[in-house]
Chemist: 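Let me begin by handing over the structure; questions about it come next.
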Amino acid sequence: MNPLSEIRARFSTTLSGMVDESDNLLAMIRPAGDSKFGDYQANCAMPLGKQLGRSPREIASEICESVQLDDLCQKVEIAGPGFINLTIDDAWLKRGLTAALVDDRLGVTRVSEPKTFVIDYSSPNVAKPMHVGHVRSTFIGDAISKVLRFVGHTAISDNHLGDWGTQFGMIIYGYKNFLDEAAYQQEPVAELGRLYKYVRKLMDYHAAAKRLPELQAAQEELKGKQTDLESTDSQGDKKAEKQLKKQLRQLRSKMEDQAEAVAGLEAKILEVTSDPELEKDAVAHPNINQNAQLETAALHEGDATNQGLWEEFLPLCRQDMQKIYDRLDIKFDYELGESFYHNELANVVSDLTDKGYTKESDGAICVFLDNHNAPMIIQKRDGAYLYSTTDLATIQYRMEKWNADACLYVVDHRQSEHFEKLFDVARLWGFDEVELAHVAFGTVMGPDGKPYKTRSGDTVGLSGLLDEAENRALEIATNQNPELTEDRHREIANVIGIGGLKYADLSHNRGSDYEFSYEKMLALRGNTATYLQYSYARVQGILRRTEADVDAIRTNPGEFIFENDVERQLGLKLIRFGEALDEVLVEYKPNVLCNYLFELSQLFAQFFDKCSVKDANSEDLKKSRLQLCDLTARTIRGGLELLGIGVLDKM
RNA sequence: GCCCCGAUAGCUCAGCUGGAUAGAGCAAUUGACUUCUAAUCAAUAGGUCGCAGGUUCGAAUCCUGCUCGGGGUGCCA
C-alpha cells in the first residue's frame, strides 16, 4: 500500500460523512508542493468550507480530529487558509520499506478490481518500411500494457497491422511488371521492398506531373493577389491598414507553403527523369496509379492470382518487420491485421443499416452524428469499405472475443476526429459499456521544428535510426570504458542505445510534439535513460564492493535507519513507486513513470554522495543503507522494465 | 469557413481534474575525483507562464476575446 492511497483511505470515511460526493475531495489530497510543508497535503477543507458555508480552518481541524492518522503521520498541521499538512511517520515508513524489500512486487499491491484492456498500438503497414513515426505508438503502447499488467489488470496487446491496403496493390503491380527474378529468389524481402519503392516513385511521378501545373497556376494567382494587395491604398485608415497587413502576411505564408509543395513535386519528378530506367518505365506505364488501385481492388474481390501473391508476400513482409520488433524487444499477444476482418465488413454495414443508423448520401453509406458536420462513411460509392468499417469490425470482434472493459488506441493525434466518430458510432451500435480511448500522441520533430525527415524529405527509416543510435552508443561506451572487451561494448551499446531511444520518447508528455536529437537521447548527463541505468550500475558496484548478500538482505532485513535526511527522502520515494504507476494509468502517461524514476535516481545520487555504505559507522547503519541500495536498484530496474528498457550491472 | 491542439528560463521540456515562493535537464559561471563507478554531486545566475479581460480566499492551470504556430476537415489510412 502506498502512502497516498493509505491517506486517502483514512480520509475517505470522514469526507463521505460530510458530503455526498467525496471523490473529488479525495483527489485533492496530494504530495506536498514543497517539502517544508511535509510529505502530503490535503486541500479539501477550502472548497468544503465554501460548500458548507463555514470557515475552512474550522473544517480542517474537524477533519483532523476525525481522521485516524496516529500511526500514519507523525505531524498533522493546519496552515494558511486551511491546508492540512501531513508528515508520514518514520516508523510507518520503515515498515513500508521492509514490506517492499521482502516483496517481489516491491510493495505494489494489485488492483482490487482487475479489468480487461485491449491495447492497439504500433500498427504499421506491412510492406512499407517502418519509420520514425511508428516509434511513439510502439513504445507508448508497450509501456502502458506492461504497467497495466503489473498492477494486476489483463492487458491484451494487439498489433492492428495494415496488411490489406493499397500498398499490396502496388507491390503486386511491381511484381507483375518490374520483378528481378534472381533477386527475388535470393532476398525476397529486399526485392519486395525495392518493388514497393520503385512503384511508389513512378506513381509519385505521375501524380506530381499532373498536379504541378495546377499548383503553378495557383501560385500565379496568388502572386496576382499579392500585387493587388500591395497596391491597395488604405487611405490612412488604421483598421484597414492592419487588415491589409494581416492578409498580406497570410498570403505570404501560403505562398511559402506552396513554393515548398512545388519544390517537393519537382523533386519527385526529377528523381524519375534523372534515372533513364525509371524514366523509360514512367513513359511505359502512364496509368500506373489507376492500375495499382485495380490490383488492390482485385485482391479485395478475391482474384485468385492476387490472393496467391498476397499470401506469398505477407509472411515475408512480416518476417522482415519482426526483425525490428526483435531489436526493440517488443512482443504482442495478437497481430490481427486488417485482412483478418475483411470478411466481416459487409456484415458491419448491413447490421448498422438494419438497425437504422445509416443513411445513403451521394451513393455512399454513412452514419451521421449530431456533434460532427461530416458523417462517418462506412462504404464508398464504388462499394469498397474503409478503415472506419474495419475499425468497427475490430471493436465488435474485441468485445465478442475478449469482452473488453476498455480499448485503448495508441495512435497519432491527427486521427483524433476519426476516433471521436468511431467511438460515437460504436456506442450507437450498442458498445456503450466499454471505455474507448484514443491515447493520442504528438509528432516527432526534426531540429528545424518540422516533422522529422531526411534531407531528401523522406521519413526517417526505423532500422537506420536504430543502427545510428547503437553506433553512437557504441562510441560512447568505448570511450568511456576503453578497458572492456568489444563484446561488452556492443552489449552496453545495445542497452543504452535502444534504451536511450525509448526513454527519449517516453519521457515526454505523449500529447506534445517533441524534438528528436541523438545527442540529447544519448547524452551522458541529464534526464536520460543513461542516467537511470548508471544509477543502477552504481548500486551494483556497491553491492559488489561490499560483498553484500542480497538474498540475506531480502529474506532477513534489519531496521531501516535515517541518519541523514536524504536517506529518509530516498526511502519515502521508494515506497511511492505504486503511486507513480497509479498516476501513469490515470491518463495513460508513461512520462509520469519516467519522472518518478529520474527523481528517484537523483535522490540516490545524493545518497551516494553523502552516505557511504562501505564506511558506515555501524553495522546496523551499513545494513540499512544496503537495504536502501537494493530496493533502489530493484525499483529502477523494475520501473525501466515496465518502460521496456534494460539495465547493466557494469557500464 | 468550421473543428481540434499548442504558446512556460537562452535551448529542450515537465507541471495543467485551481493551491502556498512556477520546476528539471542542457548551455553559462564556480567548487568537489589517492574515496562504494565524476556517465556524479554541490552552488550561482537565468521567468511580466503569448497578450488583454473575467471567475475566486487563491489562476501557468478554468472561462471569454485577441495574436502567433501546428493539425484536421464525405468516399486515403
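By convention in this document, chain letters (A, B, ...) are assigned in the order of the sequence lines, proteins followed by strands, and residues within each chain are numbered from 1.
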Chemist: Taking atom P of B:A24 as reference, at what distance in whole Å does atom CZ of A:F598 sit?
Modeler: 10 Å

Chemist: Please classify the nucleic acid contact of A:C611 as base, sugar-phosphate, or nothing, using heavy-atom distances under 4.0 Å.
Modeler: base

Chemist: What I'd like to find out is whether the side chain of A:H413 reaches to under 4.5 Å of the side chain of A:D513, using heavy atoms alone.
Modeler: yes

Chemist: Could you check whether the rings of A:Y514 and A:H508 sit parallel, tilted or perpendicular, using 30° and 60° as the cut-offs?
Modeler: parallel

Chemist: Let's see if you can work this out: which of B:A24, B:U56, B:U40 has an atom nearest to the side-chain heavy atoms of A:Q602?
Modeler: B:A24

Chemist: Look at A:R472 together with A:E475 and state whether they make a salt bridge at an N to O cut-off of under 4.0 Å.
Modeler: no

Chemist: Reckon A:Y531 has a side-chain N or O less than 4.0 Å from the OP1 or OP2 of B:A38?
Modeler: no

Chemist: Nearest-Å distance, CG (A:N479) to P (B:A38)?
Modeler: 18 Å

Chemist: Take atom C1' in B:A77 and the same atom in B:U37, then report the distance between them in whole Å.
Modeler: 49 Å

Chemist: So, does A:Q606 get its side chain near the phosphate of B:C41, meaning an N or O under 4.0 Å from OP1 or OP2?
Modeler: no

Chemist: Please give the distance between the C1' atoms of B:G23 and B:A9 as a whole number of Å.
Modeler: 10 Å

Chemist: Please give, in whole Å, the distance from B:G71 C1' to A:E420 CD?
Modeler: 13 Å

Chemist: Under 4.0 Å: is that the gap between some side-chain N or O of A:R538 and OP1 or OP2 of B:A38?
Modeler: yes

Chemist: To check you understand the geometry: which heavy-atom pair defines the closest contact between A:S624 and A:I561, and what is its length?
Modeler: OG-N, 2.9 Å

Chemist: When rounded to the nearest Å, what value does the distance between C1' atoms of B:G46 and B:G65 take?
Modeler: 33 Å

Chemist: Tell me what A:D391 touches on the nucleic acid: a base, only sugar-phosphate, or nothing, going by heavy atoms under 4.0 Å.
Modeler: nothing

Chemist: Do we get A:R538 above A:F608's six-membered ring, with its NZ or CZ under 6.0 Å from the centre and within 45° of the axis?
Modeler: yes

Chemist: I need a per-nucleotide contact map over nucleotides 10-20 of chain B, read 5' to 3'. Cutoff is protein heavy atoms under 4.0 Å; write B for the base, S for backbone only, - otherwise.
Modeler: --SSSS---BB

Chemist: Output one letter per nucleotide in nucleotides 72-77 of chain B: B when a protein non-hydrogen atom lies under 4.0 Å from the base, S when only the sugar-phosphate is that close, - when neither is.
Modeler: SSBBSB

Chemist: Indicate whether any N or O donor in one side chain lies under 3.5 Å from an N or O acceptor in the other, for A:T296 and A:T166.
Modeler: no

Chemist: Check salt bridge (Lys or Arg N to Asp or Glu O under 4.0 Å) between A:R381 and all other residues, then give those that pass, not counting sequence neighbours.
Modeler: none

Chemist: Between B:G6 and B:C49, how far apart are the two C1' atoms, rounded to whole Å?
Modeler: 14 Å

Chemist: To the nearest Å, how far apart are A:R525 CZ and B:G25 P?
Modeler: 12 Å

Chemist: Contact between A:M651 and A:Q480 at the side-chain level, heavy atoms closer than 4.5 Å - yes or no?
Modeler: no

Chemist: Nearest-Å distance, NZ (A:K610) to P (B:A32)?
Modeler: 18 Å

Chemist: Classify the nucleic acid contact of A:S612 as base, sugar-phosphate or nothing, counting any heavy atom under 4.0 Å across all strands shown.
Modeler: base

Chemist: Does A:T353 reach the main-chain N or O of A:T358 with its side chain, forming a donor-acceptor pair under 3.5 Å?
Modeler: no

Chemist: Expressed as a whole number of Å, how far does the P atom of B:G69 sit from that of B:U30?
Modeler: 41 Å

Chemist: In whole Å, measure the gap between the C1' atoms of B:G19 and B:C3 for me.
Modeler: 33 Å

Chemist: Would you give me the side-chain donor-acceptor pairs under 3.5 Å for residues 589-598 of chain A, sequence neighbours excluded?
Modeler:
residue, atom, partner, partner atom, Å
A:Y596, OH, A:K573, O, 2.6
A:Y596, OH, A:F577, N, 3.4

Chemist: Rounded to the nearest 0.5 Å, what separates atom CG in A:D448 from atom CD in A:E515?
Modeler: 8.0 Å

Chemist: Any side-chain N or O of A:K50 below 4.0 angstrom from OP1/OP2 of B:U56?
Modeler: no

Chemist: Can you give me the N/O atom pairs linking the protein to nucleotides 58-64 of chain B at distances under 3.5 Å, or say none if there are none?
Modeler:
none

Chemist: What stems show up for RNA chain B when you take Watson-Crick pairs (N1-N3 plus N6-O4 or O6-N4) and G-U wobbles (N1-O2, O6-N3), both under 3.5 Å, and require three or more consecutive pairs?
Modeler: B:1-7 with B:67-73, B:10-13 with B:23-26, B:28-32 with B:40-44, B:50-54 with B:62-66

Chemist: A side-chain contact here means heavy atoms from C-beta on lying under 4.5 Å apart; do A:I63 and A:L48 qualify?
Modeler: yes

Chemist: May I ask you to evaluate whether A:R545 reaches the phosphate of B:C36, defined as a side-chain N or O under 4.0 Å from OP1 or OP2?
Modeler: yes

Chemist: Rounding to an integer number of angstrom, what distance separates B:U56 and B:A20 when you compare their C1' atoms?
Modeler: 16 Å

Chemist: How many whole angstroms separate atom CD1 of A:I542 from atom P of B:U35?
Modeler: 15 Å

Chemist: Distance check needed: B:A24 P versus A:L597 CG, whole Å only.
Modeler: 19 Å

Chemist: Step through it carefully: locate the ring centre of A:Y385, locate the ring centre of A:Y387, and say whether they are under 6.0 Å apart.
Modeler: no

Chemist: Flag the pair A:Y409 / A:F419 as yes when their ring centroid distance falls below 6.0 Å, and as no otherwise.
Modeler: yes

Chemist: By the 4.0 Å heavy-atom rule, please label A:T530 as base, sugar-phosphate, or nothing.
Modeler: base

Chemist: For B:C51 versus B:U8, give the span between their C1' atoms, rounded off to a whole number of Å.
Modeler: 15 Å

Chemist: Expressed as a whole number of angstroms, how long is the span from A:Y534:OH to B:C41:C1'?
Modeler: 10 Å

Chemist: Checking the side chain of A:W310 only, and the main-chain atoms of A:D163 only, is there a donor and an acceptor separated by less than 3.5 Å?
Modeler: yes

Chemist: Any Lys/Arg nitrogen of A:E563 or A:R625 sitting under 4.0 Å from an Asp/Glu carboxylate oxygen of the other?
Modeler: yes

